[in-house]
Amino acid sequence: MCKKTFGMTSSEMIDEFIMFEIKSMLAYSTLNINEIANSVNFSEANHLTRFFKQHSNITPKEYRNNYQNGSYII
């Protein structure tokens with residue numbers, strides 16, 4: 001039903017929401033990767049990093065640095 005209505009599966013929608021939350025925290029907070037991982041219910045920071053890189057092709061650290069330097073938009 002999700003695929004038919006929104007053009008993506010429910011898993012893809014959840015992943016997109018999680019990515020939005022992680023990107024927001026990276027851009028607008030000073031939380032470290034461990035704290036962000038805990039707040040979005042990843043058991044380990046490296047799991048969050050792997051998930052993030054799989055969905056954006058860069059690491060959370062690279063994303064934060066790019067955002068702070070003005071070279072990457074959410």
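Only a predicted model underlies this, so the values are computations on that prediction, with no experimental measurement involved.
Residue M13 is not grouped with residue I22 when hydrophobic side chains (ILVMFWY) are merged at heavy-atom distances under 4.5 angstrom, including chains of intermediate members. By the criterion of side-chain heavy atoms lying less than 4.5 angstrom apart, applied directly or through intervening Ile, Leu, Val, Met, Phe, Trp or Tyr residues, M8 is not grouped with I14; the two fall into different hydrophobic clusters.
A distance of 8.0 Å separates CD in E21 from OG in S39, rounded to the nearest 0.5 Å. Taken from CG in L26 to OG in S56, the straight-line distance is 9.5 Å, to the nearest 0.5 Å. Rounding to the nearest 0.5 Å gives a distance of 5.0 Å between CD1 of I58 and CG of N66.
Ring planes of Y67 and Y63: parallel class, angle under 30° (limits at 30 and 60°).
Aromatic ring centres of F51 and H55 lie closer together than 6.0 Å. Centroid-to-centroid, the aromatic rings of F42 and F52 stay 6.0 Å apart or farther.
Taking each heavy atom of R64 and N32 in turn, the nearest pair found is NH1-CA, 4.5 Å. Considering every non-hydrogen atom in both A45 and A37, the closest pair reads CA-CB, 3.9 Å.
In this structure, E35 places its CD atom where more than 12 heavy-atom neighbours from other residues, nucleotides or ligands lie under 6.0 Å away.
Under the 4.5 Å side-chain criterion, counting only non-hydrogen atoms from C-beta, I36 is not in contact with P60. Put simply, the side chain of H47 reaches to within 4.5 Å of the side chain of E44, judged on heavy atoms.
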